[in-house]
Novice: 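I have a structure I would like to understand better, so I am pasting it below and will then ask my questions one at a time.
Fair warning: this is a prediction, and the values are worked out from it, not measured in the lab. Only heavy atoms go into these numbers, but all of them, side chains included; no hydrogens, no water, no symmetry mates.
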Amino acid sequence: MSAATDGITRVFTWEEGERIEVRNLGGEIVIEANAAGLKTLAGHLLTLAQDGTPDGAHLHLEENNGLEQGSVGLVLERCDDE
């Protein structure tokens, strides 16, 4: 998957066999993943952290779009404002 923000294209890759589930338990969010899923998330975060990636660049993960059935949505977003 790739995304372009301000004309800069970033490629988000998925590890084979990844499984990621996000649950909202009220007072906390649980991200449960197998090893491939954790590597996938780490890669997504590193992609957003690349030099030249603009503030506000983000990736939406949703049920049937990267997350397991029953997951709540997850947005990974770069924010350089302090």
Side-chain angles (χ1 to χ4, degrees):
M1 171 188 293
S2 64
T5 305
D6 291 343
I8 298 172
T9 301
R10 294 289 182 244
V11 177
F12 295 92
T13 59
W14 299 86
E15 295 282 324
E16 185 176 337
E18 60 78 25
R19 188 190 63 74
I20 305 166
E21 183 177 349
V22 179
R23 295 182 307 227
N24 181 348
L25 300 182
E28 61 188 7
I29 301 297
V30 174
I31 299 173
E32 179 180 284
N34 62 8
L38 292 172
K39 289 176 187 177
T40 295
L41 287 173
H44 293 346
L45 293 171
L46 288 171
T47 297
L48 287 170
Q50 290 178 0
D51 290 342
T53 300
D55 186 53
H58 61 279
L59 177 65
H60 288 263
L61 302 175
E62 300 167 342
E63 182 180 61
N64 300 320
N65 181 29
L67 300 181
E68 294 293 304
Q69 188 80 18
S71 291
V72 297
L74 176 67
V75 178
L76 304 176
E77 182 174 357
R78 180 173 178 149
C79 180
D80 293 322
D81 294 338
E82 293 184 24

Novice: Report yes if some heavy atom in the side chain of Glu21 is under 4.5 Å from a heavy atom in the side chain of Gln69; otherwise report no.
Specialist: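 No, every pair of side-chain atoms sits at 4.5 Å or beyond.
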
Novice: Just grab all the ring-ring contact (aromatic ring centres under 6.0 Å, His included) pairs involving residues 30-54, residues at least two apart or on different chains.
Specialist: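 Residue pairs passing ring-ring contact (aromatic ring centres under 6.0 Å, His included), neighbours aside: Phe12-His44, Trp14-His44.
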
Novice: Please round to the nearest 0.5 Å and tell me the distance separating atom CG of Asn65 and atom CG of Leu59.
Specialist: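 If I round to the nearest 0.5 Å, the distance is 8.0 Å.
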
Novice: Judged by atom type as modelled, is there a donor-acceptor pair below 3.5 Å linking the side chain of Thr53 to the main-chain atoms of Ala49?
Specialist: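 The answer is no, because no donor-acceptor pair under 3.5 Å joins these two groups.
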
Novice: In Å and rounded to the nearest 0.5 Å, what is the OG1 to NZ distance from Thr13 to Lys39?
Specialist: 11.5 Å

Novice: Could you state the interatomic distance from CD (Glu63) to CD (Glu68), rounded to the nearest 0.5 Å?
Specialist: 9.5 Å

Novice: What closest approach, in Å, do Ile20 and Leu41 show between heavy atoms, and which atom pair accounts for it?
Specialist: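 Smallest interatomic distance, heavy atoms only, reads CD1-CG, 3.9 Å.
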
Novice: So how far is it from Asp55 CG to Asp80 CG, rounded to the nearest 0.5 Å?
Specialist: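 Between Asp55 CG and Asp80 CG, I get 5.0 Å after rounding to 0.5 Å.
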
Novice: Let me confirm one number: the NE2-SG distance from His58 to Cys79, rounded to the nearest 0.5 Å.
Specialist: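 Here the rounded value is 12.5 Å.
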
Novice: On a heavy-atom basis, which atom in Glu15 and which in Thr40 lie closest, and how many Å separate them?
Specialist: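 Scanning both residues completely, I find the closest heavy atoms to be N-OG1, 3.0 Å.
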
Novice: Check whether any side-chain heavy atom of Val22 sits under 4.5 Å from a side-chain heavy atom of Ile29, and report yes or no.
Specialist: yes

Novice: Drop me the distance from Asn34's CG to Glu18's CD, to the nearest 0.5 angstrom.
Specialist: 7.0 Å

Novice: Looking only at heavy atoms, what is the nearest atom pair of Asp51 and Arg10, with distance?
Specialist: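 So the minimum-distance heavy-atom pair works out to O-NH2, 3.1 Å.
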
Novice: Would you find a donor on one side and an acceptor on the other, under 3.5 Å apart, between the side chain of Arg78 and the backbone of Ala57?
Specialist: no

